[in-house]
Number of protein chains: 4
Amino acid sequence: MPGIPKPLRPRKTPRQQRSAATREQILRAAAHVFVEHGYAAGTTNRIAEAAGLSIGSLYQYFPNKDAILVQLAQRHLAEGRQALTAAIERGLPATWPERITVLVDAALHAHSGDPRLHQVLFEESPRPPALLADLRALQNTMVDLVADLLREDPAVDAPDPRLTAWFLVATTESLVHRYLADRPTSDVAVFRQQLIAVLTGMLGTHSAATQPPG
Amino acid sequence: MPGIPKPLRPRKTPRQQRSAATREQILRAAAHVFVEHGYAAGTTNRIAEAAGLSIGSLYQYFPNKDAILVQLAQRHLAEGRQALTAAIERGLPATWPERITVLVDAALHAHSGDPRLHQVLFEESPRPPALLADLRALQNTMVDLVADLLREDPAVDAPDPRLTAWFLVATTESLVHRYLADRPTSDVAVFRQQLIAVLTGMLGTHSAATQPPG
Amino acid sequence: MPGIPKPLRPRKTPRQQRSAATREQILRAAAHVFVEHGYAAGTTNRIAEAAGLSIGSLYQYFPNKDAILVQLAQRHLAEGRQALTAAIERGLPATWPERITVLVDAALHAHSGDPRLHQVLFEESPRPPALLADLRALQNTMVDLVADLLREDPAVDAPDPRLTAWFLVATTESLVHRYLADRPTSDVAVFRQQLIAVLTGMLGTHSAATQPPG
Amino acid sequence: MPGIPKPLRPRKTPRQQRSAATREQILRAAAHVFVEHGYAAGTTNRIAEAAGLSIGSLYQYFPNKDAILVQLAQRHLAEGRQALTAAIERGLPATWPERITVLVDAALHAHSGDPRLHQVLFEESPRPPALLADLRALQNTMVDLVADLLREDPAVDAPDPRLTAWFLVATTESLVHRYLADRPTSDVAVFRQQLIAVLTGMLGTHSAATQPPG
DNA sequence: CATGAATGAGGGTTCATTCAT
DNA sequence: AATGAATGAACCCTCATTCAT
């Protein structure tokens, strides 16, 4: 930025920026510690140490241990929600195989960080009701969205669109999660292809089953 | 046993049997307490109390808290293994829809007790490596079994039988688990039917397996 | 108890007695520590140490620090209440100087233990509402009792018996407390005499009560 | 000071004046916070915030928390001392009822600010010895003064003037304090009148008792 | 002189585990 | 074997105080 003398350039709100950076630091440390030790053994002292802070400082950024957990989890969920919103804004594909691919890729992306963290956050830890509600809300949004798409599409025969949508969403989520834990094949692409096929089949089976070719 | 006066006959509950009964009692109490309070808040004192024992006695039957957890979990796994063995000994059905039905029903049965206990045992608690290994072993056994069946059946098109088997087993387990948590439909029968359809679909809508050639 | 062999003598409920003894031990230690360090610096660890117990044991007898404080305070109040009841049952004296002497002696007795403890318990510490209520209740009882006596006695001129009663009770309590803190005279008897004179004076110098005819 | 250009003249708000104002601000804030939260929960951060300062600044005006407390308390005492001095300089009344009225009004005035603050400062908080000494000193001054007056007055029979003086001063202080806590009557005037009567009686009783008309 | 992020000793409390009885 | 009082390491968290900016 030529012409503007350094000291006059707008400061990047140092106070808040620093603060935000420290929060980030703590969250990263917490993620690391939770992955390494689990929730119970992931003590606040360990987190502070991993973040290179004193325990007192940690508590200036988060009121208690659970707040760290919740923040971490909600960030995960927020990412999922954003991915969903983004996909919708970009325009959902017109065909089911494509739509399912979007779904699967979103799930793979969401879990790409660390499946163990996902497990600690959503399974091992005491989940505050607010967080549980958030989790349910996101899943419901997705199920509703898919259900609506199913209803709109006359080519798909889904007597109970919500249930079918639940199957699609739940299977995607669950199998991606499980894949990362089990690694039944080392080639993600293979898994991805197979999963897409399975999900696509979920719709096909029905249609085929109930829409016998004239 | 005539001739031997009743009071002198060996008691039906010798030391070891009594001991076994007490262990059982403790395990039942632990299951109850874990379901009620979760792992962390499921203290050994609470378990002892629920078992009608003193804490000291409890420690004469189990060396530590984790031993109780592991025993409980391994029992769960053992049940699964036995169900599997039993099914094999009864003779597996010849058609895939039937086989899948057996698989689904086994999973439903395994989780029928208390899904919350399953969650505590396998998700919320610190899982000792030994237990994890056991869990993996059982799943592998099942996957292997299914993979073998897939290989034996020329009508099924499965280029990677192990992966396909993994999909079948993992989907069954995951969706049953998730169903019990989410209850997307209150009618289990509907869910069961749908799940069977989905799994059958995995093997190929077109496949001869489900449409044995007249 | 001759004739009854030792082992058959009724045991003094060892369990509970021991437990009660330990509670007592803790309370004594707590009183000591509170007097020595005040409430805030009278840590549970210090109390446990003074009681010759581990901190864990202390928490098997009291759920938290405040419970110790409350117990200590309520015991104080209970003693006061009992002294009152006992005095009533013994029959209150007929003349005011005598009645006032009873009141003063009761107050002196109540504070005889350790005025600093009284101060910590009722002034320095966070007083749970329940305790405050108890304290007020006891004082009200006393005020009411005295007020009734005032009403019954035609010789006493007390237009507002409750207020006069409050003055009597409050002055007694306050001055006894203050005396023990200030020690304006080393001879308790002198103080006692003077206080009795002051309180008697409150009822009216002219009153017949203090000037028995003759 | 002619000749010195304005900008060079010493500012009307030199370092020290500004500093004194800030100290005042802090003390006011501290009083507020202590009343609101008590001593233990009246944290230095809260005080700084209430004073509109950073915690760092606060520590540039007071070396530690207790210094604030002590200053606050000593100011209270100083006010009492000044009231006393002023009363003496104005000339003490000649009759005891008037003198006692002055005493009572001074006490009522001293506590008029906020009895809760008085409680926090002198009962709830850890009182540094220096403060305690100050408190005693003030009381002694008052007792001595009253004792001297008693000695000077031949009409009053006080065999132990210091003790009688202590009774007067202590009763005044204690009952005013207690009145504000208990509010046995909502009308302060009534209480004041009654208290004055009681205190006057303290002298009267004696004189009457020991100076039989004759 | 102001700021407020950083510090860390120390507090109350829990709970798996031991051991004398 | 059974008991349950005793243990104490470890946890989460607070707050007076410091110090680099």
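Here the structure is a predicted model, which means the values were calculated and not measured. Chain letters run A, B, ... following the sequence lines, proteins first, then strands; residues in each count from 1.
Mapped onto DNA chain F by nearest heavy atom, D:Ala40 and A:Ala41 fall at different nucleotides, with A:Ala41 at the one closer to the 5' end. Nearer the 5' end of DNA chain E, as judged by each residue's closest nucleotide, is the contact made by A:Gly56, out of A:Gly56 and B:Pro63. Nearer to the 5' terminus of DNA chain F, by closest-nucleotide assignment, is the contact made by A:Thr44 (compared with the other of A:Thr44 and D:Arg46).
Listed nucleotides E:dT17, E:dC1, F:dT18 differ in distance to D:Ile55; the shortest reach to its side chain belongs to F:dT18.
Between A:Ser54 and E:dT7 there is a side-chain polar atom (N or O) within less than 4.0 angstrom of OP1 or OP2. Using a 4.0 Å cut-off, no side-chain N or O of A:Tyr59 falls inside it from OP1 or OP2 of F:dT14. At E:dC1, none of the side-chain N or O atoms of D:Ser57 fall inside 4.0 Å of OP1 or OP2 (strictly under the cut-off). Dashed line: the shortest gap from a side-chain N or O of B:Gln60 to OP1 or OP2 of F:dA2 is under 4.0 Å.
A cation-pi arrangement is present between B:Arg23 and B:Phe62 under the rule of less than 6.0 angstrom and at most 45 degrees off the ring axis. Under the 6.0 Å distance and 45° angle rule, D:Lys65 counts as a cation-pi partner of D:Tyr39.
Atom-to-atom, CD of C:Glu49 to P of E:dG10 comes out at 14 Å; the value is rounded to the nearest Å. Taking atom CG on D:Asn64 and atom C1' on F:dC15, their separation rounds to 14 Å, with Å as the unit. Between the P atom of F:dA10 and the CG atom of A:Asn45 lies a distance of 12 Å, rounded to the nearest Å. Note: CD1 (C:Ile68) to C1' (E:dT13) measures 12 Å, nearest angstrom. Going from atom CG of A:Leu58 over to atom P of F:dT14 covers 11 Å, rounded to whole Å. Atoms CG (A:Asp66) and P (F:dC12) sit 10 Å apart, rounded to a whole Å. Note: NZ (B:Lys65) to P (E:dT14) measures 15 Å, nearest angstrom. Between the C1' atom of F:dC15 and the CZ atom of D:Phe34 lies a distance of 13 Å, rounded to the nearest Å.
Using a 4.0 Å heavy-atom distance criterion, D:Tyr61 is classed as a sugar-phosphate-only contact. Nucleic acid contact for B:Thr43: sugar-phosphate only, since backbone atoms but no base atoms lie under 4.0 Å from a heavy atom of the residue.
Atom CG in A:Asp114 sits 8.0 Å away from atom NE2 in A:His76 (nearest 0.5 Å).
Electrostatic pairing of A:Arg116 and A:Glu124 counts as a salt bridge here, judged by a charged N lying under 4.0 Å from a carboxylate O.
Base pairing annotation: F:dA20 forms a Watson-Crick or G-U wobble pair with E:dT3, both donor-acceptor distances under 3.5 Å.
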Report task. Might you work through the side chain to side chain contact (heavy atoms under 4.5 Å, CB included) test for A:Leu77 and A:Leu131, ending with a clear yes or no? Result -> CA-CA 9 Å; A:Leu77 294 181; A:Leu131 189 54; 4.2 Å; yes

